[in-house]
Asks: 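Handing you a structure now.
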Amino acid sequence: MSRPRTQAEYLARLVPPSVAGLNRRTLLAGAAGAGALLGTGLLAGCGDSDSGGSGAKSVSMGSNASDPTPKDVLAKVSAAFKTSSGIEVAINTVDHNTFQENINNYLQGKPDDVFTWFAGYRMRFFAARGLAGDVSDVWGKLSGFSDAFKKASTGDDGKQYFVPFSYYPWAVFYRKSVWQQHGYQVPKNLDEFTALANQMKKDGLVPIGFADKDGWPAMGTFDILNLRINGYQFHVDLMAGKEAWTSDKVKKVFDTWAGLLPLHQPDSLGRTWQEAAQTLQQKKSGMYLLGLFVAQQFNADEQDDIDFFTFPEIDPTIGAKALDAPIDGYMMARKPKSEDNAKKLLEYIGGVDAANIAVKTDPGTLVANSGADTSGYSALQKKAAELVGSATEIAQFLDRDTRPDFASTVIIPALQQFIKDPKDIGGLLTSIENQKKSIFTS
Amino acid sequence: MSDLPLIQADRAVEPPAATTTTGGRGRRLRLLSRTDRVVITLMVLVPLLLVTALVWLPALATVLLSGTDWDGIGPLSDIDFVGGRNYSDVLTIYPPFLPAVRHNLLWLAVLFLLATPFGMFLAVLLDKELRGSRFYQTALYLPVVLSLALIGFVWQLIYSRDQGLLNAVLGTDTDWYGDPSVNIWAVMLASGWRHVGYIMLLYLAGLKGVDPSLREAAAVDGASEVKSFFRVVFPVMRPINIIVLVVTVIESLRAFDLVWVVNKGRNGLELLSALVTQNVVGEASRIGFGSALATIMLVVSLVFITIYLATVMRGEDR
């Protein structure tokens with residue numbers, strides 16, 4: 001079959017329709033082929049995350065630091081690492097929530113040599129499943145971390161899989177000016193706390209700011225009540241699925257919460273934490289239990305007006321020394337392309353220099369390394385660091401301390417159900433326990 | 001070339017005048033040339049492979065996975081089969097499931113009984129060539145070009161309890177997105193807002209295609225406007241009616257984006273699609289359990305798809 005190659009030949013054929021038809025078909029076939037190629041190219045592109053990982057003088061990092069300030073910290077740390085070691089860090093930044101949601105696929109594919117993650121159950125889970133690299137020898141060179149941090153970085157097998165970088169505590173935040181105006185005092189136990197909240201109500205304030213549209217902020221309230229009523233070890237066992245949710249201990253947590261709920265901001269299920277923080281900022285609510293990141297919702301000239309106290313004691317035999325203080329940090333892939341470089345990077349990240357960069361760059365966080373020069377801390381940061389330093393036990397927050405499937409598909413709807421209808425605690429706990437048994441045995 | 005057809009099957013029969021150079025090819029008197037056959041094979045195979053690989057294999061895998069407790073980690077050989085446990089869990093101890101089914105049905109009912117008829121009504125009105133009908137057409141269709149996720153954000157500004165427009169105008173403090181007895185209606189209003197425009201456009205296109213002589217004949221016979229619509233125009237538009245019906249069903253089954261943007265399908269906004277996503281996608285990775293939910297959704301969808309295909313194919317036979 002001779003196709004016309006030139007215009008002359010084309011004209012000579014004098015059968016333009018079929019020639020045109022042929023061309024059209026060729027075009028279509030070509031398009032289909034190109035489509036297929038494009039498809040495979042895209043698919044291949046999805047699995048291909050080893051950008052710039054070649055050569056002995058580079059190391060790749062998967063980062064969830066998509067917000068400007070943390071991103072800036074990481075960029076400065078990696079620039080400083082390059083200056084000190086000559087190793088280039090190729091940072092692959094992914095949106096924070098997307099990174100978290102895709103972590104399973106990410107770790108099973110071709111993860112970057114080093115990646116951002118959190119301490120807690122999930123970290124230990126990845127370690128146990130062989131999805132993370134052992135960094136115990138890096139820990140041998142690190143200094144300035146308290147035992148609490150080392151414990152939080154240790155997997156079930158006793159080896160370290162995590163290098164902590166920063167953390168933030170959960171506490172009850174308030175505005176000093178509002179408290180001075182009304183003469184409020186920091187409560188020492190639950191009765192004083194309740195009395196204070198009632199007084200705020202009388203003074204026309206929303207006593208306790210509250211928001212749970214996204215499902216996770218209420219976990220903070222559950223956590224702190226559970227830590228105060230039943231203590232840290234019970235929290236750990238409950239999160240590990242070892243304790244029954246139908247037990248009297250858990251019931252007491254919900255009963256206490258139900259008593260406090262009328263003092264919380266109403267209609268919390270339609271409100272984001274940002275909106276609740278703004279009511280605190282606008283002096284409409286008296287206090288708000290949240291992480292240190294609440295300060296983001298305040299203007300720069302209001303930062304000095306923010307203060308906090310740790311949630312007061314409920315049971316004197318338990319005390320008020322445990323709290324939620326989630327730790328962010330870094331892990332190593334199971335098979336990094338350049339293990340030496342990855343470990344050097346982790347050692348640098350865990351060191352004092354990197355911590356000093358973070359102190360200078362990000363006022364909304366606390367650095368994990370105690371050797372860092374914290375003279376740049378704001379008053380709020382200093383106080384937060386003291387609070388965590390004096391804590392006897394540090395929990396990581398409900399959804400970091402338990403299975404993510406349990407936290408997101410069982411606990412979030414259950415807590416929202418409780419907030420909607422705080423009366424049927426027994427039925428709610430039975431439902432949680434049934435689902436927990438099914439999930440934890442799988 | 002006047003004796004040649006304008007479009008001919010590619011060399012179906014060698015034109016008698018062209019025997020000079022290609023004399024030895026007379027034996028290949030096939031209906032289709034080799035290129036044709038290759039092209040046709042490719043055109044069938046490529047879509048077939050794509051559909052199989054992207055639709056049927058995943059669907060089959062979903063059904064298979066629904067019998068397992070896989071958490072998405074580790075090799076496929078690690079998967080344990082648990083029989084029907086996921087299904088019994090869905091039906092017995094999973095509180096969001098029944099509300100989700102109820103909300104999907106409610107969604108269908110509201111779209112079917114309110115939004116779709118309203119969209120059809122608007123189409124009939126616009127078909128009357130009112131003054132400025134182009135403007136109304138554009139205004140009503142505008143929401144359709146926005147993605148539902150974007151619509152969720154837009155309405156969030158209106159519905160927000162503390163900072164929203166609606167509460168500011170009405171002077172109320174209703175928690176539109178948070179109160180589980182209200183939020184499904186609030187969300188459905190936003191969804192209907194978009195759906196009405198979509199149906200209107202579909203139906204308007206159908207109305208434009210109706211032969212005007214039918215209406216004239218009905219008018220000559222003395223039928224009123226209403227009567228001529230219901231007795232003449234509506235039955236003639238059967239194919240469009242079916243499409244509108246199917247679009248409504250599909251929209252209600254795949255209702256997802258809006259509730260996901262609002263609160264990830266929790267607290268009064270449970271929908272089957274949102275539950276599937278909560279369980280399968282994301283950190284939870286309850287692949288087996290989520291697959292059971294997805295299989296239930298697949299079965300429900302298949303019922304409607306079967307009805308649709310049966311109708312469409314019957315229509316083609318005529």
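Just so you know, these numbers use all the heavy atoms, side chains as well, and skip hydrogens, waters and symmetry mates.
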Asks: Considering only heavy atoms, give the residues of residues 289-298 of chain B separated from chain A by less than 4.5 Å, sorted numerically, with 'none' for an empty result.
Replies: none

Asks: Is A:Lys213 in contact with chain B via its backbone, its side chain, both, or neither, using a 4.5 Å heavy-atom distance?
Replies: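 For A:Lys213, heavy atoms of backbone and side chain both lie under 4.5 Å from chain B.
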
Asks: Tell me which of these, B:Ser160, B:Pro96, B:Pro180, has more heavy-atom pairs under 4.5 Å with chain A than the rest.
Replies: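 Result: the option with the highest number of such pairs is B:Pro180.
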
Asks: Taking the six-membered ring for Trp, are A:Phe99 and A:Phe115 parallel (under 30°), tilted (30 to 60°) or perpendicular (over 60°)?
Replies: tilted

Asks: Donor-acceptor pairs are to be reported for all side-chain atoms of residues 39-57 of chain B against protein atoms at under 3.5 Å, with residues two or more places apart or in another chain.
Replies:
{"residue": "B:Thr41", "atom": "OG1", "partner": "B:Arg37", "partner atom": "O", "Å": "2.5"}
{"residue": "B:Thr52", "atom": "OG1", "partner": "B:Leu48", "partner atom": "O", "Å": "2.5"}

Asks: Do B:Trp193 and B:Trp155 have their ring centres less than 6.0 Å from each other?
Replies: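 When the ring centroids of B:Trp193 and B:Trp155 are compared, they turn out to be within the sub-6.0 Å range.
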
Asks: Between A:Pro266, A:Pro404, A:Gly130, which residue shows the highest count of heavy-atom pairs closer than 4.5 Å to chain B?
Replies: A:Pro404

Asks: Heavy-atom pairs under 4.5 Å with chain B: which of A:Thr409, A:Ile419, A:Asn434, A:Asn102 has the most?
Replies: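 Of the options given, most contacts go to A:Thr409.
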
Asks: Can you list everything that forms a side-chain hydrogen bond (donor to acceptor under 3.5 Å, both in side chains) with B:Tyr94? Sequence neighbours excluded, please.
Replies: B:Asn279

Asks: Looking at B:Asp80, B:Asp71, B:Thr68, which one has more heavy-atom pairs under 4.5 Å with chain A than the rest?
Replies: B:Asp71

Asks: Show your reasoning for whether side chain to side chain donor-acceptor pair (under 3.5 Å) applies to B:Asp89 and A:Ser438.
Replies: CA-CA 8 Å; B:Asp89 280 1; A:Ser438 178; 2.3 Å; yes

Asks: A:Ser268, A:Gly215, A:Ala407, A:Ser408: which one forms the most heavy-atom pairs within less than 4.5 Å of chain B?
Replies: A:Ser408

Asks: Is it the backbone or the side chain of B:Glu270 that comes under 4.5 Å from a heavy atom of chain A, or both, or neither?
Replies: neither

Asks: What part of A:Gln435 lies closer than 4.5 angstrom to a heavy atom of chain B: side chain, backbone, both or neither?
Replies: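 Both parts, backbone and side chain.
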
Asks: Write out all pairs satisfying salt bridge (charged side-chain N to carboxylate O under 4.0 Å, His left out) with one or both partners inside residues 166-176 of chain B, taking only residues at least two apart or from two chains.
Replies: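 Listed by first then second residue: B:Arg161-B:Asp173.
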
Asks: Between B:Gln278, B:Gln156, B:Lys264, which has the largest tally of heavy atom pairs under 4.5 Å with chain A?
Replies: B:Gln156

Asks: Among the options A:Gln108, A:Arg271, A:Arg122, A:Gln100, pick out the one with the most heavy-atom pairs lying under 4.5 Å from chain B.
Replies: A:Gln108

Asks: Determine, using ring centers only, whether A:Phe254 and A:Phe222 are less than 6.0 Å apart.
Replies: yes

Asks: Over 60° means perpendicular and under 30° means parallel, so tell me whether A:Phe406 and A:Phe440 are parallel, tilted or perpendicular.
Replies: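 Perpendicular: the ring planes of A:Phe406 and A:Phe440 meet at over 60°.
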
Asks: Does B:Arg266 come within less than 4.0 Å of A:Asp212, counting only side-chain N to carboxylate O?
Replies: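 Result for this pair is no, no salt bridge flagged.
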
Asks: When the ring planes of A:Tyr121 and A:Phe125 are compared, do they come out parallel, tilted or perpendicular, using 30° and 60° as the limits?
Replies: parallel

Asks: Quick test of your reading of the model: are A:Asp328 and A:Arg400 salt-bridged, counting only N-O distances below 4.0 Å?
Replies: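 So A:Asp328 pairs with A:Arg400 through a salt bridge.
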
Asks: A:Gln278 vs A:Gln297, test: side chain to side chain donor-acceptor pair (under 3.5 Å). Steps then yes/no.
Replies: CA-CA 6 Å; A:Gln278 281 157 25; A:Gln297 297 295 320; 2.8 Å; yes

Asks: Relative to chain B, which of A:Asp214, A:Ile412, A:Asp399, A:Leu131 shows the most heavy atom pairs under 4.5 Å?
Replies: A:Ile412

Asks: Looking at B:Val262, B:Leu275, B:Asn267, B:Asn263, which has the largest count of heavy-atom pairs under 4.5 Å with chain A?
Replies: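 It is B:Asn267.
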
